[in-house]
Structures are given as C-alpha cells and as structure tokens.
2 protein chains.
Amino acid sequence: MSQAPHTLLLVDDHPMMRRGIRQLIELEDDLQVVAEASNGYDALLMAEQFKPDLILLDNNMPQLNGIETLKRLREAQYSGKVLMFTVSDAQEDVTDALRLQADGFLLKDMEPEQLIEQLRQALDGQLVISPALTLTLATALRPTPENNACNLTHREQQVLKMIASGMSNKKLGNKLGISEGTAKVHVKNILNKLGVSSRLEAAVWALEHDK
Amino acid sequence: MSQAPHTLLLVDDHPMMRRGIRQLIELEDDLQVVAEASNGYDALLMAEQFKPDLILLDNNMPQLNGIETLKRLREAQYSGKVLMFTVSDAQEDVTDALRLQADGFLLKDMEPEQLIEQLRQALDGQLVISPALTLTLATALRPTPENNACNLTHREQQVLKMIASGMSNKKLGNKLGISEGTAKVHVKNILNKLGVSSRLEAAVWALEHDK
DNA sequence: ACGACGCTACCTCTTTCGGGGTAGCAGGGC
DNA sequence: GCCCTGCTACCCCGAAAGAGGTAGCGTCGT
C-alpha cells in the first residue's frame, strides 16, 4: 500500500468503545483514525478541521445525537462518507439516516473483522447495511403507520381520540350518537389505515403521535 | 509488582467494546483479562472455569441479561467481585443489581482511566458506583409518589409496560415466559391497583405517568 | 346522471378481555 | 415453626373486540 491511508473520524460518547474501534482499525495499513469526538458538536468541528474520508457515527449520544449530527454534516457540505454505528435498530433511526444520505447503518454487535470489511466497502462508495436490518428495512417500505396516518377521516380522528382516552365502542358510540356497530366499523377502518391490529396499538400510536 | 495479577472476565455482547476494555486493561501490570463472554450463559461457564477475581458485566445483552446473570452467579456461589457495566442508568437496574450484591455499577460513558481506578477499588473490596448515579440512587431511596401511588410489583410493572406497548395477554405472556392465564392475573391485579377497568386505560395511565 | 367516497346500520363468527374463584410453591418476616 | 406476599396456573362465564360481509343514504366532483 503505497497510497496514503483513508482517514477516519470516530464519534462515540463511550471512550471505551472508541478505544476498541481505534485499536482495531490501527491494525490495518490502509485505515487511519485521525480524530475522535465524544459528542455531535465536537464531531462537526473535527469533521471541518480534519475532513476525514469517513465518519463512524454513533447515534445514541447526549446533546446532539447521531441523526442530528448527520443532518448538520450534510448541511455543512461535508462530502465524506458517514456510517451510522449504533446499538439501536429502531426503524425510525434507520430510515431517517438513509434519507439523510448516510452511507451505511451498522449495528454494534457485529464482529470486528466485519467492521473493517464494511468500512472498506463504504470507502469504496458502497452502501453498507447490517444484515440484521433487512427485516426493519422491509417493514419500513411497506405501507404502514406514518404513511397512511393522515388519511384518517374527520370521523375516524374523533373515534381514535376517544379510543386513546380509553373508551369502549359502546361508550364512544353513545358519545357520538352512533350505534356500537357503527363505532366498530370506524375502529376497523382505523386499524386498517394505521396498520395495527388492536385498538390498544392504535391508542399507543395516537398518544405517541402528539394527540 | 511481584504478585500475580488480578484476573478479570469481560462480559459484553459487543466485540468492539470488549476489545476496547481489554486493550485498556492490558496496559496495566496488575490486571489481566483471562476470558471474555458475549452472553450470560457463556459468562456463567467462564466464571466457573476460570474463577476470575472480578467480572465486568454488561447488562444489556440478548438471551440472559446482566442482572439475571448476576443472580445466577450468586446462586452458583461465585465468590469473586461482580461489577455491572452498562449504558443504562435505569433505576430499576441499579437497585436490582445492588440488591443482588453487585460490587458496583458503572456507566459506560466513563473515562478509561476512571475505569481502571474503579476496578482496583472494587478488587480492594470497595463498592464502586458511577457518580452520575447519585441522583438515581437518591430517588430510589425516597418514597416518591410514583413508587407508592401504584404499589405495583416488579412483575406488574413489567406487564404494564408491555400493555402500554400494545401487547395482548398472549404475547406478553410468551415474552415473559408465562402462560396467558397468568398474564391475565397480572393484568387483573394491575387494573385493581390502578383503579381502572380496562387494559387500555392502564396503558394510557402508564404512558401519561412517564413510562 | 353517474360514480366515488364517507357515514350509518345490521349480520355472523372467532378470539380476546375482564371478573370471579381455587391452589401450589417459593421467599421473607414474625 | 408459621404467616403473608408474590408468582404461577388452572377453571368458568359473560362481555367486548376484531374480521368478514351487505346495504341504504347522503355529498361531492366529473
């Protein structure tokens, strides 16, 4: 390898984890850790200062998390590769990261040898994703909650609100002046549109999505 | 240092994290990593085989988590030190660990040098706790509204959490390894204690009262 | 005028919930 | 020793929920 090694920036709030990755990477001739950061703000500064070829970015950080950091990196016209590297396989995080042009999403429970290989592939321009995320990605692409959520009719939104306050079909039917059977029809349609299978899940959805 | 070094067992499901800790510890003459494990079951085997002076035990692991592993270590009459080492500062985990005679509870975001120091203190017989946990400990000891208002047992809190995530009795029963019937008993008791009349109201209560 | 959509109502059917009860078995406190 | 609590498991039974279907009746847009 006569060429200059690829430069890397490690971003993780756990010093021990940074050390583990660093030690792993330093065994490789073609990879070099040029900087570390323990939070998103430092990461932005380091990125600007060192302009690394690739940033390995933990998502779960206090203050500025990985997704936010990625967003700001892109806004700052950072042109290197960014690999998300986290323990969480939350669908939202994965899809958000990919939408923000992350160059990959790796889970921390992978084997060290795999990480090195994935880093090289990412530096080569490939999109690298942990195999364990296939299911997550598949479900994300299927029409589910967030996609159809706002397609709820006015009536259905009323009903959902009442579900989320704990009412039964009979109660909310009385309150709305409709029969229990009709209430059930609305509930059924809500469940279909939200992609859930019980009024309880619908209620959780409603409570988590602001109203 | 003419004495034999203290022997350590690292337990963490993240290979990278193990590597980081190992490399850190191997710089010290008086500390020696004699084995690693990536899950609780392996940890139990390794503990029996190598009888390390101290086990550094991650809590967040698939299959058998750290708390459960600690419990079984104590049941197996393991006499060495056990330090919980995790990212989570969940009050429940901390108090459970201490009740199970853990010799310390450290957070992963600590500085490497601190870790070494804490390991030595633990090996010396001291109880070591991350400073960041003082607030958690304080609130755990104080009879707060939430603790007494509900009177929910540990199991009931688990079940309530699952209710609040939308699970049915059958599902949460499977997840907890208990029968659907038993799950129903827990749910019934929860409803009584909370003074509500449906799992949905219980879920709303749980989501509104922070968890 | 016609179709699409939303709201209403009813039907059947299976599964799940919620409220009772009894009971064995572990652990901790007296 | 004994009792009390918590966890487990089972029983019955009525009510509610969820998944199908059909259908009348509005409104809106083409």
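Numbered from 1 within each chain, the chains take letters A, B, ... in sequence-line order.
- Mapping B/Val185 and B/Ser197 onto DNA chain C by nearest heavy atom places B/Ser197 at the nucleotide closer to the 5' end.
- Rounding to the nearest 0.5 Å gives a distance of 11.0 Å between CG of B/Leu44 and OH of B/Tyr78.
- Considering only the side chain of A/Leu191, D/dA19 comes nearest among D/dA19, C/dG21, D/dT8.
- In this entry the distance linking CD1 of A/Ile178 with P of C/dA9 reads 7 Å, nearest Å.
- Note that CG of A/Asn189 and CZ of A/Arg155 are 13.0 Å apart. Values are rounded to the nearest 0.5 Å.
- With hydrogens and angles left out, the side chain of A/Lys184 and the base of D/dG18 share a donor-acceptor pair within 3.5 Å.
- Using a 4.0 Å cut-off, no side-chain N or O of B/Ser168 falls inside it from OP1 or OP2 of C/dT16.
- Note on A/His154: every side-chain N or O is 4.0 Å or more away from OP1 and OP2 of C/dC7.
- Straight-line distance from the CG atom of A/Asn189 to the P atom of C/dG6: 9 Å, rounded to whole Å.
- Atom NZ of A/Lys171 sits about 12.5 Å away from atom CE of A/Met162, to the nearest 0.5 Å.
- A/Glu201 places its CD atom 15 Å from the P atom of D/dA17, with the value rounded to the nearest Å.
- Both B/Gly177 and A/Glu180 lie near DNA chain D, and the one whose nearest nucleotide falls closer to the 5' end is B/Gly177.
- The interatomic distance linking B/Ile190 (CD1) with C/dC17 (C1') rounds to 14 Å, in whole Å.
- Residue B/Leu83 holds its CG atom at 10.5 Å from CG of B/Leu70, rounded to the nearest 0.5 Å.
- Comparing D/dA16, D/dA9, D/dG18 by their nearest atom to the side chain of A/Val187 picks out D/dG18.
- Taking only side-chain nitrogens and oxygens, B/Lys188 never comes nearer than 4.0 Å to OP1 or OP2 of C/dG20.
- Between the CG atom of A/Leu152 and the P atom of C/dC5 there is a distance of 16 Å, rounded to whole Å.
- Listed pair B/Thr182 / D/dA9 meets the phosphate criterion, a side-chain N or O lying under 4.0 Å from OP1 or OP2.
- At the heavy-atom level, B/Ser179 lies under 4.0 Å from the strands shown only through sugar-phosphate atoms.
- If you take NZ of B/Lys170 and C1' of D/dA9, they are 16 Å apart, rounded to a whole angstrom.
- Put simply, CG on A/Asn192 is 9 Å from C1' on D/dA19, counting in whole angstrom units.
- With rounding to the nearest 0.5 angstrom, the CG atom of A/Leu106 is 12.0 Å from the CG atom of A/Asp58.
- In this structure, of D/dA9, D/dA19, C/dC7, it is C/dC7 that holds the atom nearest to the side chain of A/Arg155.
- Remark: P of D/dA16 and CE of A/Met167 are 15 Å apart, rounded to the nearest angstrom.
- The residues B/Arg120 and B/Asp29 are annotated as not salt-bridged, no charged nitrogen and carboxylate oxygen being separated by less than 4.0 angstrom.
- Among the nucleotides D/dT8, C/dT8, C/dG18, the one closest to any side-chain atom of B/Arg199 is C/dG18.
- For the pair A/Asn169 and D/dA17, the criterion of a side-chain N or O lying under 4.0 Å from OP1 or OP2 is met.
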